[in-house]
Amino acid sequence: MKTEITELLGIKYPVIQGGMAWVAEYHLAAAVSAAGGFGIIGAASAPPEIVREQIRKVKELTDRPFGVNVMLMNPNAADVAKVVVEEGVKAVTTGAGNPAAYIGMWKEAGIKVIPVVASVAMARMMEKAGANAVVAEGTESGGHIGSATTMTLVPQVADAVKIPVIAAGGIADGRGVAAAMMLGAKAVQMGTRFIVAKESIVHDNYKERVIRAKDIDSEVTGRSTGHPIRVLRNKMTREYLKMEADGVSLEELEVLTLGSLRKAVMDGDVVNGSLMAGQIAGLVKKEQTCQEIIEEIMQEAEALLHGDK
Ligand code: TUI
């Protein structure tokens, strides 16, 4: 399927992997790119030199293009921004903030810039600042979220900007891809389905929780602190939400979440860990290779879009 995004990124399928903290490391990114999608290293809060190593490891595994997600709440974001230039990645996506300060430098280096946005205003601002595309990410997504749904955000962003729009949030199969295209998207970004990919290094306990998740098994912590984060319900979310309702201070809440994503991904602590996942987790039923995931989804999407199904 050829779209403005497959052309922009030099990929076979309009499927981009989310830049998930701890999850989106080199094995996953390389596997997604090798399968014809666009793999992404999630820099999250990693030190710049670790991001550099990760980039080099992807290059050892595949010649296909891939990108890096720069998480703007990372205190090291400015240094990570320089590393992606030095290492010459194809594209950068950004999250959890405004990347305007880096766009000029990235574009000068020939890097395609694709900010993740959660509103029309932010999408317009990014287009003016020189972005090549935007990811319009709905509140169905896992992790740090905005408030608009994918169904409402994608068509409004597509109407507001001329650059191509990538839909994210609540997409995990061919129906979601076809629907996103109908809403005006030129590609999709998926996270949750790739958490359970064979090539994903996420602990089996976490993968199992995603696979067993039902439609209404996620919660949003941090609505009152200004950092809403969607995660699967467990002991940590129950305690967090109770403390939040009781008006406990930000510092005390942070103690509960500090390092909790690492605990879930690396140690498989599904009780106290932060199991970031989107609302579509209920649709994710099995572990498959990235190639199986992408080909299954794209076959279904193409059949739907051509009216054969
Ligand atoms: O960034 C994400 N999702 C994430 S980042 C993350 S790591 C993290 N862990 C704990 C606490 C905080 C972060 C986990 N999940 N998605 C992209 C995204 N960006 N969603 C919403 C936004 C966003 C929000 C505000 C983008 C721009 C924005 O603008 C604010 C501004 O500065 O104008």
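For the numbers below, each heavy atom of this structure counts, side chains included, while hydrogens, waters and symmetry mates do not. Both counts, for ligands and for their atoms, begin at 1 and track the order of listing. All values derive from a computational prediction rather than experimental measurement.
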_Counting non-hydrogen protein atoms only, what is the nearest one to atom 9 (N) of ligand 1? Give residue, atom name and distance._
Met276 CE, 4.0 Å

*All pairs passing side-chain hydrogen bond (donor to acceptor under 3.5 Å, both in side chains) where residues 227-237 contributes a residue, at least two apart*: Ser218-Arg230, Glu219-Arg233, Lys235-Asn272

*Which residue and non-hydrogen atom of the protein lie closest to atom 21 (C) of ligand 1, and at what distance in Å?*
His144 CD2, 3.8 Å

*Do any heavy atoms of Gly97 fall under 4.0 Å from ligand 1?*
yes

*At a non-hydrogen distance cut-off of under 4.0 Å, which region of Ile229 contacts ligand 1 (side chain, backbone, both, or neither)?*
side chain

_Quick test: of every protein heavy atom, which one is nearest to atom 32 (O) of ligand 1, and how far off is it to 0.1 Å?_
Asn98 N, 3.7 Å

_Proximal ligand 1 atoms for Met73, defined as those under 4.0 Å from one of its heavy atoms_ = 12 (C)

*Quick one: look up the protein heavy atom nearest atom 17 (C) of ligand 1 and list residue, atom name and how far away it is.*
Val116 CG1, 3.2 Å

*asked:* My understanding is that a hydrophobic cluster links ILVMFWY residues whose side chain heavy atoms are under 4.5 Å apart, including indirect links. Using that, what else belongs to the cluster containing Ile114?
replied: Ile5, Leu8, Leu9, Ile11, Ile16, Phe38, Ile40, Val116, Val135, Ile166

*Return the minimal non-hydrogen interatomic distance between Ala35 and Gln291, and the atom names on each side.*
CB-CA, 3.6 Å

*In ligand 1, which numbered atoms sit nearer than 4.0 Å to a non-hydrogen atom of Glu137?*
16 (N), 17 (C), 18 (C), 20 (N)

*Should Lys286 and Glu292 count as an ion pair when the cut-off is N to O under 4.0 Å?*
no

_Starting from atom 1 (O) of ligand 1, what is the nearest protein heavy atom, named by residue and atom, and what distance separates them?_
Ala96 N, 3.4 Å

*Is there a donor-acceptor contact under 3.5 Å linking the side chains of Thr152 and Thr149?*
yes

*Select one of side chain, backbone, both or neither to describe which atoms of His227 lie under 4.0 Å from any atom of ligand 1, heavy atoms only.*
neither

*Can you see which heavy atom on Pro99 is nearest to which on Leu72, and at what distance?*
N-CD1, 3.5 Å

*Report whether Phe194 and Ile297 are members of the same hydrophobic cluster (ILVMFWY, side-chain heavy atoms less than 4.5 Å apart, transitive linking).*
yes

_Please evaluate residues Leu283 and Arg175 with respect to the criterion side-chain contact (heavy atoms from CB on, under 4.5 Å), reporting the C-alpha separation (whole Å), side-chain torsions for both, the decisive distance (0.1 Å), and the verdict._
CA-CA 11 Å; Leu283 199 85; Arg175 292 171 298 182; 3.6 Å; yes

_To check your reading of the model: name the closest protein heavy atom to atom 7 (S) of ligand 1, its residue, and the distance in Å._
Met71 CE, 3.9 Å

